[in-house]
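Every number for a ligand or one of its atoms is a count from 1 in the order of the listing. Count residues from 1 along the sequence.
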Amino acid sequence: MLATHNLSFSYQDETVLHDLTFDFGRCAVTGIVGENGCGKSTLFMNLNGVLRPNSGAVLWQGKPLNYSKAGLIEHRQRVTTVFQDPEQQIFYTDIDSDIAFSLRNLGVNEAEITRRVEHAIELVDAQSFRHKPIQYLSHGQKKRVAIAGALVMEADYLLLDEPTAGLDPSGRQQMIEIIARIATQGKHVVISSHDIDLIYEVCDGVYVMNRGKIVAQGSPGTVFSQSEMLRAAGLVQPWLVKLHSELGFPLCKTETQLFNALRETKEA
Ligand SMILES: Nc1ncnc2c1ncn2[C@@H]1O[C@H](COP(=O)(O)OP(=O)(O)O)[C@@H](O)[C@H]1O
Ligand SMILES: [Mg+2]
């Protein structure tokens, strides 16, 4: 299981992560919300071993990460990360080669590569643009290719840093469906975002960060009912929670659920 224990991290003399203890094994989909600059991307770089904590630790199965080259290669097969900018993770112009890149690096046999690439393309719903050169894809499609490139590792954990940043509404909706689909494959997904509605809809567990500290944690319903805490962290309540707390509407996880509940009340 992936966790951290009292992790602190500084860039030069500025401490940006303060004494953070996370347990990412508890929920299938864990969300980390916090305003820009609160430390989400820095945390993800600590979780995949690109950066090393100044104190405390990243834990895998209860043991501190091994930062040797071999240790990190092993760690990144269990925990794969997709960063915000897909351009940084795209190496080829054709999608299949790009998705297969890390597996070829590891010397996985071609039959296995084909199987995993097919499965990943299906999960991110990339069949329709699979044969286009990558440079012609939209930002959202590039993000899906980057996620497929991580999924082929068949890691236990997938970390998605700001998966909906820069996406249009339909791209965002597709991303929500992709995340739900990945979670049903028995993987743990950790999502960082300042898109509060996204985190509310797709996560079973939530941490709120404010200036490098954890200021709340728990189920989305509980965490997002705390409007004062959210305001202090520079965030707002998800709109579905606001309708519940301000107007007494039923507390629903998705728009569809809310509309169905309201239709039933109207018909009754
Ligand atoms: N390479 C870096 N060197 C120095 N400071 C950095 C660096 N990267 C990020 N920071 C600072 O660390 C803090 C956290 O940034 P970041 O992890 O990117 O936050 P988030 O992803 O939540 O927006 C910010 O104050 C940012 O300015
Ligand atoms: Mg960031």
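- Side-chain heavy-atom separations under 4.5 angstrom define the hydrophobic clusters, and the remaining members of the one that includes Tyr92 are Phe91, Phe101.
- Within the 4.5 Å cutoff, the side chain of Arg52 has no heavy atoms near those of the Asn46 side chain.
- Nearest non-hydrogen protein atom to atom 14 (C) of ligand 1 is Gly37 O, 3.3 Å.
- Sorted by first and then second residue, the side chain to side chain donor-acceptor pair (under 3.5 Å) pairs involving residues 248-268 (not counting sequence neighbours) are Asn260-Arg263.
- Within a 6.0 Å sphere centred on NE2 of His5, other residues, nucleotides and ligands contribute 12 heavy atoms or fewer.
- Remark: side-chain polar atoms of Gln89 are paired, donor with acceptor, to backbone N or O of Phe83 under 3.5 angstrom.
- Around the CZ atom of Arg211, the shell of radius 6.0 Å holds no more than 12 heavy atoms that belong to other residues, nucleotides or ligands.
- With Thr42, Asn46, Asp13 as candidates, the residue nearest to atom 17 (O) of ligand 1 on a non-hydrogen basis is Thr42.
- Relative ring orientation between His188 and Tyr157 is described as parallel, the plane-to-plane angle staying below 30° on a 0-90° scale split at 30° and 60°.
- Every atom of ligand 1 with a heavy atom of Lys40 under 4.0 Å away is listed here by number and element: 17 (O), 19 (O), 20 (P), 21 (O), 22 (O), 23 (O).
- Within the 4.0 Å cut-off (strictly below), a protein heavy atom is located near atom 20 (P) of ligand 1.
- Not a single heavy atom of Gly34 sits under 4.0 Å from any atom of ligand 1.
- Between the side chain of Arg181 and the backbone N or O of Leu123 there is at least one donor-acceptor pair closer than 3.5 Å.
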Identify every side-chain donor-acceptor pair in residues 239-252 under 3.5 Å, counting partners at least two apart or on other chains, and give the distances.
residue, atom, partner, partner atom, Å
His244, ND1, Phe249, O, 2.8
Ser245, OG, Val241, O, 3.1

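- Checking only distances, Val16 never comes within under 3.5 Å of ligand 1, N or O to N or O.
- Of the protein's heavy atoms, Ser41 CB, 3.9 Å lies nearest to atom 18 (O) of ligand 1.
- Between Phe9 and Tyr11, the ring-plane angle classifies as perpendicular under the 30° and 60° cut-offs.
- Taking each of Tyr11, Phe9, Phe44 in turn, the one with a heavy atom nearest to atom 10 (N) of ligand 1 proves to be Tyr11.
- Of all protein atoms, those that are N, O or S and lie under 2.8 Å from the Mg ion (ligand 2) total 1.
- Residue Asn36 approaches ligand 1 through these ligand atoms, each under 4.0 Å from one of its heavy atoms: 23 (O).
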